[in-house]
Protein chains: 2
Amino acid sequence: MMSSPRQRAAPTAPPSELDPSRRNNLALITSLVHHHRVLSRAQLTKRTGLNRSTVGTLIGQLVALGLVYETAPTGEAQVGRPSPEVRPSPSIAALAVYPEIDAVTIGLVNLGGIVQKKIRFATERIPSAREAVNIAAAVIEGMRTELEHSYRITGIGVAVPGLVNPDDGTVRHAPHLGWRDEPVARMLSEATGYACQAANDASLAAEAELIFGAGAGRDNLIYLNGGASGVGGGIISNGMLLRGASGYAGELGHTFVRTSGEQCHCGATGCLETEVSQGRLFELLGLSGGDTPQLEQALRASSSPAVAGEISRQLSFLAIALRNAVNTFNPEVIILDGFLGVLYALAPSALDDLLLSQAMDGPAAQAKVHPAALGSNLMMIGAAELGFARFLADPSGFGAALTA
Amino acid sequence: MMSSPRQRAAPTAPPSELDPSRRNNLALITSLVHHHRVLSRAQLTKRTGLNRSTVGTLIGQLVALGLVYETAPTGEAQVGRPSPEVRPSPSIAALAVYPEIDAVTIGLVNLGGIVQKKIRFATERIPSAREAVNIAAAVIEGMRTELEHSYRITGIGVAVPGLVNPDDGTVRHAPHLGWRDEPVARMLSEATGYACQAANDASLAAEAELIFGAGAGRDNLIYLNGGASGVGGGIISNGMLLRGASGYAGELGHTFVRTSGEQCHCGATGCLETEVSQGRLFELLGLSGGDTPQLEQALRASSSPAVAGEISRQLSFLAIALRNAVNTFNPEVIILDGFLGVLYALAPSALDDLLLSQAMDGPAAQAKVHPAALGSNLMMIGAAELGFARFLADPSGFGAALTA
DNA sequence: GTGTTATGTTCTTTGAAACACCAAACGAAG
DNA sequence: CTTCGTTTGGTGTTTCAAAGAACATAACAC
């Protein structure tokens, strides 16, 4: 019944555990080392399914290109010859840029997702695309000596809170920033000389959590972030980020959750992000605003029944959106970030119960809600991942270009 | 900035246009021929990105294995040497099985998605899993002589209206059939001796429409079918069927569309399939039931304002579900089948307008609603695709096994 | 110590695909 | 109707990533 008479496994595609978009096995190994930060040669052999000798050769090439380095085996003592450990080179790095309504944050992130540097440039008012690009370019210019001496920069990734076409890095519409049809990637690339790509912030956060955070080792994940500018979502299915026809997929903030709900800025009514917002909570708490930890503290301190009622109201709407998501995606993990994470932390079992009772049995049984694991570095890591993308797709070409 | 110093394109993964899950280039070519039914060698060369000589060698192997055959070039006259046409062998086929509440349909489908034979076995009552398997096995047994003489059967695919784990072909829950935890694939495999796999019917329909129907050439597609047993959905993103952690993804019938809506059999309230159902329409029309064409005829003939109201009510709920889907998936095509296709046909611009006004600008601009293109053969083609899956993943192994 | 096990190392083999070159089959131009 | 340019198929050669075999090495277990 089975395939049978094949002399050996198809040499073009070994049983890889990573997404199959990898160009070749050199890229596969680079990605694995990037994702795991440390991996013994023996582990790499198992994960890739390649032959021991092949893995040895490939690592040799990566070492020669200066992309990874090997250290003496320090793993737990066990029978057999110890296997050297492979780590990403600390000199490979990507730049991350995250424009928000009150700041532009620029980061320097190592291979392995280690945030080396994070510079938050606060702005008086909402930055225009041009301003955000200028700020980022200036900060990067300030780092340039260091960058050129100590690092090999693979690219810049920009995380944008809005609809972004990742093919050309154009922001179609970022409502809270007031941007429309801004070719941010091209602008920043011209201003800095580095290759640049842009994508939706929540999508990048989802990828970051998939690789380094609460979704590590999973293939199906939903990320939802609640912030001052609404609710953003990123969906990873079968190990791959859902892009859609133009890269706009993942807008879970505009899931319908309420009949005759309020009008959303998107034009529709009853969207998740109009019914579930941190603004309503701050208002009830008598605060004019604040960040997520402040919100959590205030909510925990409050004994107002109105606040409690609003919390449970928002949780019930959140449950409806999550019910939909669970039924349509059958994820293993749902990651709640920002004030949605706070809402969950306040009443985890309440949301879990709502989800279990509303979602379909099969999918509901598997979906586990988690708070985000990467904290304040999340967006830097996610955006940097975009800056690493082309490098990881073809490390040999890049390594050669970088060493040249 | 670009990769540059690589002597040649990575030989392991040419710029293929198909999904990257293909094991090797032999499989790639087989799939292309299967999907397009006719393809000249020159076209195959362009599509695969492989070298002319490589394509020639590969086709030679496929011909030797009896999987495809070549015919004299009949293409439109143009400059240059004419290229022979490659077609799938008519002897390769898969079996399709589709159990419903009132019948079990068995089909024989050629490579290329041509339905050779379709046998609908009507049942007095809802068939149990055992009964459905016995019926299918009996019909297949009846065809066995023919099958063994004239065909090489690659496998059986079962389309099940319910939650199916495609890994082991177990039906987790098919509410309208009343099945729970039935290992249908194993049962049918044991009963017939053919390899068998099972999956959700709407998911298979989505794949069929993607390959041969209204979604041909697209990569992002949503399929929604409305039938007597509710609303089923299948989602194709980035050219791949959304599976989810256990293969339960795609249940768009249980999208939330109404606050304080009726209780759904799934446990939640306000699901699309409780608010939008053909049962309500039949009731208002004073009919006890019927099939889709009958419904369309009756709806078109009716002048009752109650019926018109119900149609627009159902369309508005459908629009909400589609709005969600468009925002989260950014599809190019939305395919409406069954009575949902009828609803759309009655007032296409009404639904289009609702969708345009409610969904977010970016994604909405691209999503086009279409009726299903494959008609009554749809489910046979989809299920057969499942029966072809393992063959297409490794045609060389299969070809050898089949010729042996 | 000695045996066992797991791994790294080196050299050879393999096979899929590219490549270079030539032949074939067409339309277009004169 | 001949010639030319173009596109494709066919054949033999070359390339190169990966497998495989044999050997070396470094740990544990006793």
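Just so it is clear: chains get the letters A, B, ... in the order the sequence lines come, proteins before strands, and each one is counted from 1.
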Would you kindly compare A/Gly80 and A/Thr45 by the position of their nearest DNA chain C nucleotide and give the one closer to the 5′ end? A/Gly80

Between B/Leu58 and B/Val79, who's closer to the 5' end of DNA chain C by nearest nucleotide?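 Closest to the 5' end, via its nearest nucleotide, is B/Leu58.
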
Between [options], which one does the side chain of [X] approach most closely?
| X | options | answer |
| --- | --- | --- |
| A/Asn51 | D/dT8, D/dA17, D/dA19 | D/dA19 |
| B/Arg81 | C/dG8, D/dT7, D/dA18 | D/dT7 |
| A/Lys46 | C/dT7, C/dA17, D/dG10 | C/dT7 |
| B/Ser83 | C/dT7, D/dA26, D/dT8 | D/dT8 |
| B/Asn25 | D/dA27, C/dA17, D/dA18 | C/dA17 |

Please figure out whether A/Pro82 or A/Leu26 has its closest DNA chain D nucleotide nearer the 5' end. A/Leu26

Just the rounded figure in Å: distance from [atom2] of [N] to [atom1] of [X].
| X | N | atom1 | atom2 | value |
| --- | --- | --- | --- | --- |
| B/Asn24 | C/dG15 | CG | C1' | 12 Å |
| A/Gln61 | D/dA17 | CD | P | 7 Å |
| A/Gln78 | D/dA26 | CD | C1' | 12 Å |
| A/Glu70 | C/dT7 | CD | C1' | 12 Å |
| A/Ile29 | D/dA17 | CD1 | P | 13 Å |
| B/Arg47 | D/dT8 | CZ | P | 14 Å |
| A/Arg52 | C/dA6 | CZ | P | 11 Å |

Looking only at non-hydrogen atoms, find the nearest pair between B/Glu85 and B/Thr74 and report the distance.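 Nearest heavy atoms, B/Glu85 then B/Thr74: OE1-OG1, 3.1 Å.
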
Looking only at heavy atoms, the pair that brings B/Val109 and B/Met380 closest together is CG2-O, 3.7 Å

Side chain A/Ser53 and base C/dG8 donor-acceptor under 3.5 Å: no

Return yes if the base of D/dG9 and the side-chain atoms of B/Arg41 contain a donor-acceptor N/O pair under 3.5 Å, otherwise no. no

CD1/B/Ile235 to CG/A/Leu242 distance, rounded to the nearest 0.5 angstrom?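 Those atoms lie 8.5 Å apart.
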
Rounded to the nearest 0.5 Å, what separates atom NE2 in B/His149 from atom OG in B/Ser91? 14.0 Å

May I have the step-by-step check of ring pair (Phe, Tyr, Trp, His ring centres under 6.0 Å) for B/His34 and B/Phe391, ending in yes or no? CA-CA 11 Å; B/His34 170 45; B/Phe391 162 74; 8.2 Å; no

